[in-house]
Amino acid sequence: MRAHQQGLMANLLPEVTLDPAALGDNPLALFPQGPKQLRLEVGFGGGEHLAHEAHQNPETAFIGCEPFANGVARLLVDIAAGHLTNIRIYPDDAGAVIAALPDACLAGVDILFPDPWPKRRQKQRRFISDQRLVDLARVMPQGATLRFATDIDDYAAWTLSRIARSPHFTWHAVHADEWRQAWPGWPGTRYEAKARAAGRPAVWLRFIRNDVAAPRQQA
Ligand SMILES: C[S@@+](CC[C@H](N)C(=O)[O-])C[C@H]1O[C@@H](n2cnc3c(N)ncnc32)[C@H](O)[C@@H]1O
C-alpha cells in the first residue's frame, strides 16, 4: 500500500466507515446531502464501479462492502480525488450490513464478480444462496434491481437456478442475448478485465424484486 493510501486509511476511512448499528430506520439520514435513494455494492474489489456509479448518480447514496484492505485503500483514493460524499464503506462481510438494514430500503444491489468458489466442497461459501435471496428480498422493495455479473459459467447457472425457485425475484431481460452484454455505462473493473483477457467473458444478469412479501426484520 502506498503512503498516500496509508494516509487515507488512517484519516479518511474513519470518516466514511459505516457502522451497521447506526443504520436505524432511515439509513439515508447518514448522508448529509439528502440523497433520494440507497444502493448497495457487495465486494467492490478496487472500487472502480462503485466510484463510477457514485460520481454518475450524486443524488443516490451508496454503501460498499469489501473486506480486502488494499481494495478499500484504492477506493479511498477515488473518493478523495472525486470528492465523493455519497459513499459509505463497510470494510467487512456484506452479510452483516444486509442483516442490519431496515426493510425495503434499497433501490438496487450490485454483486459483481463475487468470489467463484469453484470446487464442489467450496460452493456452499458462494455469496448467492437461497437464504441470501430471502435476506435481500427483505431489504429490497418491489421493483428494486439486483444485478449480478460473473465470469464463471457455473456460478451463473447456480444463481439462475436459485432465482428460478425464488418467489421474490424474476430475471429481467429485454433482449435474448442481454446476458452477454455489459450494462450501459459499465466502467470495467480490474477483475473483469483480467477474466476477459483470460478468455472468460462475463455473464450479466438483472433481477427484479417481485411483489411478494418477504420476512420482516425481527424487532
Ligand atoms: C473476484 S473479486 C471481484 C471484485 C470486484 N467486484 C471487481 O469486479 O473487480 C470478489 C470480491 O468480493 C469480496 N468479498 C468476498 N466475500 C465478501 C463478502 N461476504 N462481503 C463483501 N465482500 C466480499 C472479496 O474480498 C473480493 O474483493
Side-chain angles (χ1 to χ4, degrees), residues 1 5 9 13 16-20 23 27 38-56 62-79 84 87-101 106 108-119 121-136 138-140 145-156 158-159 162 179-207:
M1 205 180 285
Q5 292 179 335
M9 290 292 271
L13 183 58
V16 299
T17 294
L18 176 83
D19 173 6
L23 282 165
L38 179 65
R39 286 171 51 188
L40 172 70
E41 183 167 328
V42 173
F44 57 72
E48 302 90 347
H49 177 261
L50 181 53
H52 173 83
E53 290 293 299
H55 185 258
Q56 293 295 312
F62 292 84
I63 295 174
C65 304
E66 175 54 67
F68 173 49
N70 284 339
V72 171
R74 282 198 204 114
L75 174 61
L76 289 174
V77 171
D78 285 347
I79 289 177
L84 300 173
I87 296 179
R88 293 291 175 275
I89 296 175
Y90 184 63
D92 210 328
D93 178 4
V97 171
I98 294 167
L101 284 167
L106 291 178
V109 176
D110 290 331
I111 304 173
L112 309 174
F113 304 94
D115 288 338
W117 298 116
K119 294 190 183 144
R121 66 177 183 281
Q122 298 174 330
K123 286 185 182 173
Q124 296 313 318
R125 302 176 74 170
R126 285 178 167 173
F127 194 80
I128 296 288
S129 67
D130 293 312
Q131 182 57 48
R132 184 79 73 193
L133 293 179
V134 173
D135 296 344
L136 286 170
R138 182 186 67 75
V139 294
M140 297 172 70
T145 304
L146 170 61
R147 299 196 298 185
F148 175 89
T150 183
D151 56 308
I152 308 297
D153 290 347
D154 174 68
Y155 203 165
W158 165 281
T159 298
R162 279 148 189 81
W179 60 274
R180 294 176 194 272
Q181 296 163 9
W183 302 302
W186 170 253
T189 65
R190 273 162 220 248
Y191 183 87
E192 184 237 351
K194 272 193 207 163
R196 199 164 3 95
R200 296 192 311 273
V203 171
W204 309 88
L205 302 171
R206 266 192 314 157
F207 310 114

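Remember, it's 1-based here, ligands and their atoms both numbered in the order they're listed. Predicted model only: the values in this text are computed from it and were never measured.
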- If the plane angle is over 60° it's perpendicular, under 30° parallel, otherwise tilted; pick one for Phe148 and Tyr155. perpendicular
- Task: Tell me, please: is Cys65 in heavy-atom contact with ligand 1, that is, under 4.0 Å?
- Result: yes
- Message: At less than 4.0 angstrom from any non-hydrogen atom of Asp92, what atoms of ligand 1 do you find?
- Response: 20 (N), 21 (C)
- May I ask you to decide if the ring planes of Tyr191 and Phe113 are parallel, tilted or perpendicular, using 30° and 60° as cut-offs? tilted
- Note on the structure: Leu84 and Asp78 have their tightest heavy-atom pair at CD1-O, 3.8 Å
- Item | N/O donor-acceptor pair under 3.5 Å between Arg162 side chain and Trp158 backbone | yes
- Please say whether Pro114 places an N or O atom under 3.5 Å from an N or O atom belonging to ligand 1. no
- Task: Return the residue, atom name and 0.1 Å-rounded distance of the protein heavy atom closest to atom 26 (C) of ligand 1.
- Result: Glu66 OE1, 3.6 Å
- Item | Residue Gly45 vicinity, atoms of ligand 1 by number, heavy atom under 4.0 Å | 4 (C), 5 (C), 27 (O)
- Backbone N or O of Trp117 within a donor-acceptor pair of the Asp115 side chain at under 3.5 Å? no
- Query: Closest non-hydrogen protein atom to atom 7 (C) of ligand 1, residue and atom name please, with distance?
  - Reply: Thr189 OG1, 3.4 Å
- Query: Among protein heavy atoms, which sits nearest to atom 20 (N) of ligand 1, and what does the distance come to when rounded to 0.1 Å?
  - Reply: Ala94 N, 2.9 Å
- Item | atom 23 (C) of ligand 1: the protein heavy-atom neighbour that sits closest, reported with distance to 0.1 Å | Pro67 CD, 3.6 Å
- Message: Please compare Asp93, Asp151, Asp115, Val97 and report which has the shortest non-hydrogen distance to atom 19 (N) of ligand 1.
- Response: Asp93
- For atom 12 (O) of ligand 1, what is the nearest protein heavy atom, given as residue, atom name and distance? Gly43 CA, 3.4 Å
- Message: Give me the atom names and distance for the closest heavy-atom approach of Gly64 to Leu50.
- Response: CA-CD2, 3.7 Å
- Can you tell me which residue and heavy atom of the protein come closest to atom 3 (C) of ligand 1, and the distance to 0.1 Å? Phe113 O, 3.1 Å
- Minimum heavy-atom distance between Glu66 and Val72, given as atom pair plus value: O-CG2, 3.3 Å
- Among Arg200, Lys194, Arg196, find the one that has a salt bridge (Lys or Arg N to Asp or Glu O under 4.0 Å) with Asp151. Arg200
